[in-house]
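Data block below; observations after.
Here is the naming used below: chain letters follow the sequence lines, and residue numbers restart at 1 for every chain.
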Amino acid sequence: MRGIQLQLSQTQKVRLQKALEQLESLSSKVNSDASVTIADSIPVNHEDGVLKGHGTTDLNGEVVATLCGVVERVNKLVYVRSLRSRYKPEVGDIVIGRVVEVAQKRWRLDINYSQNAYLMLSAMNMPDGVQRRRTALDELNMRCIFEEMDVICAEVRGFQHDGLHLQARSQKYGKLSTGQLLTVPPYLVKRQKQHFHHLEQYGIDLIIGCNGFIWVGEHVEARDDMVEDQVNQTDPQVLIPNKDSVSFEEQEKNYTALETRKYICRAANAVRVLSSLGFIITLEIIKGVFELSLSSNLDIHDMLGSEFCVLVAEKEAERRSSNKKKR
Amino acid sequence: MVGLSLGEQHFIQGGIAQDLRCDGRKRLTYRPIYVETGIIPQANGSARVRIGATDVIASVKAELGKPSFMQPDKGKVLIHIDCSSTAEPAFEGRGGEELSSELSTALQRCLLGAKSGAGAGIDRSSLVVVEGKICWDLYIDGLVVSSDGNLLDALSAAIKAALSNTGIPSVKVTAGASSDEQPEVDISDEEFLQFDTSGVPVIVTLTKIGRHYIVDATPEEESQMNSAVSISINRKGHICGITKRGGAGLDPSVVLDMVSVAKYVSEQLMNKLDSEIASAEAEDGS
């Protein structure tokens, strides 16, 4: 029960234990020797020669794991992919990051990797949608596009000589504004075909970043490029990002509608429950938890309580076992 | 320090205005509070309180000492709070000192009362063994293990739980010592006196964001605050201390309104806390 931070009553404890045991029994036995904990010896064929990689060490002629994780083998190399660690980027991953610094021709982003990632000004579509060379003026106007602390969605482009680079070459990438950012352990998010989700019936956007950052927010229509810009193209000038100095009344008008906000909070709490239980986070599972809470007529805040947690664990066990039977 | 983009800040403020915060709470709802008692065997009383990811430990250690010359009929109580660097990287080295001293001052103000110590949350005159000669010194230490907002409320709850967990050994004074000598004492290993915690207040922190105020703010919400008022209220509904943080000024009428809201909230908190402490004690005893 990996230190679940919950106060459970005796019956709830038993129910949770049972659900978790069921989940464990469902996981495939084929791969069970691939997962290791610290000090487990990893079987290797010494005649072929072994290259010890990350998370392994040599102990009395045996290769021993120094991390909890899954053993990976590439030719001679043996290494352990750890479970709880920072995010490890792969080319093409969709990630969510927060701007740390606006630097020369680039933004520096925190994406929960051991280094900061770079998003070059030239690696993104301009908000006006025109394809052109980036001028010095564009560089001066970088703060109008993204500022420090802004939350941005982008794609991993790859490693260049100076670090990890991202790109945002489509209108679906870019700044995320109204909503909340959640952080979950990155191993709970698997790479999928689709990471951008629009839940139409609720009017919310859900972006599941591969780095464990999850955005839940009000739905924004992806702007169609090339349309608006011709009209309001003004003379080039250095723009100053407008710090909002609107009055309270004006601000209140712009707040998210209460109905939408309820759905946003509900979806966010569904993600929180899943991450506290350590279940894989995908759209279907989030939706399942979301609808479970709606159908059991639960207050949004009560979703974080122990009773609902146990309920989710039981449902998940049920779902996985029925999936298994189908196959 | 948490950094938030303008959009997120706006979202949080909007949520508070609409009475639906980011985790689905209302403005005056607390996160679930978990209490464990008796977690440090060496201490006379200890407790751990968790609110969300905030995790604090309080311990009470009693030692025999000499009362101060000015107040021969009172024991001594020292409160010290430490912020562990595991809670936040910024607390490393001396980084946490500013916050620690702020928290300990606020708690001292709320629990110990004025110089004379009359009517304070912790009754110091009950700590005297022989007037002017021997008294108990209570060392109350708090440790912030993990910080997720609302530290002061969590610490006050932990101290309350630790004090109700505290057993002070009963002391027999060997008779026959003359008045100017230090009398000899015999500390019992078996008999303990339960500490009376009925007067110990709870602290309710109201954080003002925009035009509204909320209880139990998360760090994200705390980063948006104009000012925060911590009000400590005892079981009778009397106010034992008020501390204000944050630079923004408050209208006196707002303060009065906050006080009455805090009184209302404190009743629920007190009841919740008492039942949590009772169940924790039951679990600890078994």
Side-chain angles (χ1 to χ4, degrees), chain A residues 5-10 98-100 110 146-152 175-182 215-218 220 241-244 246 248-249 251-272 276 293 298-306, chain B residues 1-36 48-55 145-146 148 209-212 214-216 218-221 223-224 226 272 275-277 279-280 282-283 286:
Chain A
Q5 300 271 318
L6 282 172
Q7 203 93 333
L8 298 164
S9 70
Q10 204 57 43
R98 199 184 277 281
V99 177
V100 175
D110 169 27
F146 302 136
E147 266 185 292
E148 280 93 350
M149 295 305 162
D150 274 352
V151 181
I152 288 172
K175 183 145 86 179
L176 307 169
S177 59
T178 350
Q180 45 179 324
L181 182 72
L182 306 164
W215 178 261
V216 194
E218 204 177 334
V220 212
N242 65 316
K243 288 265 179 273
D244 61 326
V246 270
F248 268 138
E249 286 74 26
Q251 261 184 26
E252 263 163 34
K253 271 181 218 152
N254 300 331
Y255 285 150
T256 315
L258 187 60
E259 203 54 29
T260 321
R261 185 183 293 276
K262 275 183 185 162
Y263 288 130
I264 292 174
C265 293
R266 206 174 271 276
N269 275 2
V271 173
R272 288 194 182 105
S276 75
S293 82
L298 220 60
D299 254 7
I300 301 169
H301 179 52
D302 290 333
M303 288 175 73
L304 299 177
S306 27
Chain B
M1 199 52 219
V2 274
L4 293 173
S5 71
L6 277 177
E8 286 170 285
Q9 290 176 13
H10 192 241
F11 186 79
I12 289 176
Q13 287 161 7
I16 287 161
Q18 292 171 347
D19 204 8
L20 181 70
R21 286 151 74 181
C22 287
D23 49 3
R25 281 185 289 157
K26 294 200 176 304
R27 281 196 285 264
L28 298 181
T29 323
Y30 267 82
R31 291 174 281 185
I33 299 177
Y34 302 127
V35 180
E36 283 172 71
R48 175 182 178 198
V49 168
R50 286 176 302 171
I51 304 179
T54 295
D55 195 339
V145 183
S146 157
D148 188 28
I209 296 170
R211 295 188 203 171
H212 306 275
I214 55 170
V215 298
D216 197 11
T218 60
E220 287 82 25
E221 288 163 340
S223 73
Q224 296 305 306
N226 313 96
K272 171 89 180 98
S275 68
E276 280 288 331
I277 290 172
S279 67
E283 208 158 288
S286 64

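- In this structure, no portion of A:R266 lies under 4.5 Å from any heavy atom of chain B.
- Summarising the geometry, atom CD belonging to B:Q18 is positioned 12.0 Å from atom CD belonging to B:Q13; distances are rounded to the nearest 0.5 Å.
- Salt bridge B:R31/B:D148: present, at least one basic N to carboxylate O contact under 4.0 Å.
- Remark: A:T256 pairs with A:T178, A:E218, A:T260, A:R261, A:I264, B:F11 by the side-chain contact (heavy atoms from CB on, under 4.5 Å) rule, at least two apart or across chains.
- Using a 4.5 Å cut-off between heavy atoms, A:D150 touches chain B through backbone and side chain atoms alike.
- Your options are A:G179, A:C265, A:A268, and the one with the most heavy-atom pairs under 4.5 Å with chain B is A:G179.
- A:Y263 meets the ring pair (Phe, Tyr, Trp, His ring centres under 6.0 Å) test with A:Y202; sequence neighbours excluded.
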